[in-house]
Trainee: 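Just dropping this structure here.
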Amino acid sequence: MPRRPRSTPKPDPKAGPDALMAWYVEQRREPDPRIDADVSRSCTRKQQYASADDAHAHALMNGMGDVLYEYECRYCGFWHLTKRPT
Ligand SMILES: [Zn+2]
């Protein structure tokens with residue numbers, strides 16, 4: 001597992017768009033190619049789901065309920081499916 005990004009936690013949505021924008025600017029100040037690669041691998045290529053139930057339902061529909069498990073993405077905040085570790 002890659003280490004967690006050394007960044008401040010994303011502000012609560014209730015904090016408003018200004019706080020969110022400030023957070024994004026803060027994130028961009030220290031570009032980390034490994035995080036970019038991670039994001040493109042997980043967020044760009046994988047389906048994004050709004051919740052764990054949503055992700056799990058899609059796995060079940062595809063007959064992959066035993067193979068895939070859902071996890072909350074620390075980059076985009078959505079849920080993705082990944083293969084269950086053996
Ligand atoms: Zn993601």
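When a ligand or atom number is given, it counts from 1 through the structure's own listing order.
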Trainee: Checking His80 side chain against Gln47 main chain: does a donor-acceptor pair fall under 3.5 Å?
Mentor: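 It does hold such a pair.
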Trainee: Do Lys46 and Thr82 have side-chain heavy atoms sitting under 4.5 Å apart?
Mentor: yes
Trainee: What number of protein N, O or S atoms occur at distances under 2.8 Å from the Zn ion (ligand 1)?
Mentor: 4
Trainee: Apply side-chain contact (heavy atoms from CB on, under 4.5 Å) to the pair Leu68 and His56, showing each step before the final yes or no.
Mentor: CA-CA 8 Å; Leu68 298 175; His56 189 61; over 6 Å; no
Trainee: Between Leu81 and Tyr69, does a side-chain contact (heavy atoms from CB on, under 4.5 Å) hold up when you go through it step by step?
Mentor: CA-CA 5 Å; Leu81 291 168; Tyr69 74 101; over 6 Å; no
Trainee: With sequence neighbours left out, which residue pairs that include part of residues 29-55 fulfil the ring pair (Phe, Tyr, Trp, His ring centres under 6.0 Å) condition?
Mentor: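 Applying ring pair (Phe, Tyr, Trp, His ring centres under 6.0 Å) to every pair that reaches into residues 29-55, excluding sequence neighbours, yields Tyr49-His58.
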Trainee: Taking atom OG of Ser40 and atom OH of Tyr75, what is their separation to the nearest 0.5 Å?
Mentor: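 Separation between the atoms: 10.5 Å.
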